[in-house]
Amino acid sequence: MEPSLFKPSSHTVLTRGLNAMTRACEAQETLIDVIKAELAQSKLRCDELVARGAKLEERHIINQN
């Protein structure tokens with residue numbers, strides 16, 4: 001059985017693997033940035049809801065008197 005003419009060298013295989021891992025890491029970094037932005041939006045919304053709840057509680061106490 002003869003070796004394949006198109007068999008990549010070990011350097012080529014390692015370079016392709018390194019490039020693939022680099023792209024995967026970049027994709028993970030992008031995903032982390034997106035998740036951080038979503039978390040910031042969620043925290044802002046949560047803070048707004050807490051403030052609204054506090055106002056409603058104040059109003060309820062005032063209305064009871």
Side-chain angles (χ1 to χ4, degrees):
M1 180 179 226
E2 295 199 21
S4 171
L5 295 175
F6 300 104
K7 182 178 179 183
S9 68
S10 59
H11 176 74
T12 301
V13 171
L14 292 173
T15 301
R16 287 178 184 164
L18 181 59
N19 290 339
M21 292 302 293
T22 300
R23 286 189 303 273
C25 287
E26 289 169 351
Q28 288 294 321
E29 288 174 345
T30 301
L31 181 59
I32 288 168
D33 291 340
V34 168
I35 291 171
K36 282 181 180 178
E38 289 177 356
L39 282 173
Q41 289 174 349
S42 294
K43 183 181 182 324
L44 180 61
R45 180 68 178 141
C46 190
D47 291 344
E48 290 171 351
L49 291 172
V50 167
R52 182 168 185 248
K55 284 181 184 178
L56 290 173
E57 188 175 348
E58 275 181 40
R59 189 179 304 159
H60 177 71
I61 291 169
I62 291 170
N63 288 339
Q64 283 184 333
N65 293 332

Give, for atom [atom1] of [X] and atom [atom2] of [Y], the distance between the pair rounded to the nearest 0.5 Å.
X: L44; Y: L49; atom1: CG; atom2: CG; answer: 9.5 Å
X: L56; Y: N63; atom1: CG; atom2: CG; answer: 10.5 Å
X: E48; Y: K43; atom1: CD; atom2: NZ; answer: 11.0 Å
X: M21; Y: R23; atom1: CE; atom2: CZ; answer: 11.0 Å
X: Q28; Y: I32; atom1: CD; atom2: CD1; answer: 6.5 Å

What residues, two or more places apart in sequence or in another chain, satisfy side-chain contact (heavy atoms from CB on, under 4.5 Å) together with I62?
-> none
By side chain to side chain donor-acceptor pair (under 3.5 Å) - contacts of K55 (at least two apart) =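 K55: no side chain to side chain donor-acceptor pair (under 3.5 Å) contacts found.
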Of the options V13, N19, T12, which is the one that meets R16 in a side chain to side chain contact (heavy atoms under 4.5 Å, CB included)?
->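 Single side chain to side chain contact (heavy atoms under 4.5 Å, CB included) partner of R16 among V13, N19, T12: T12.
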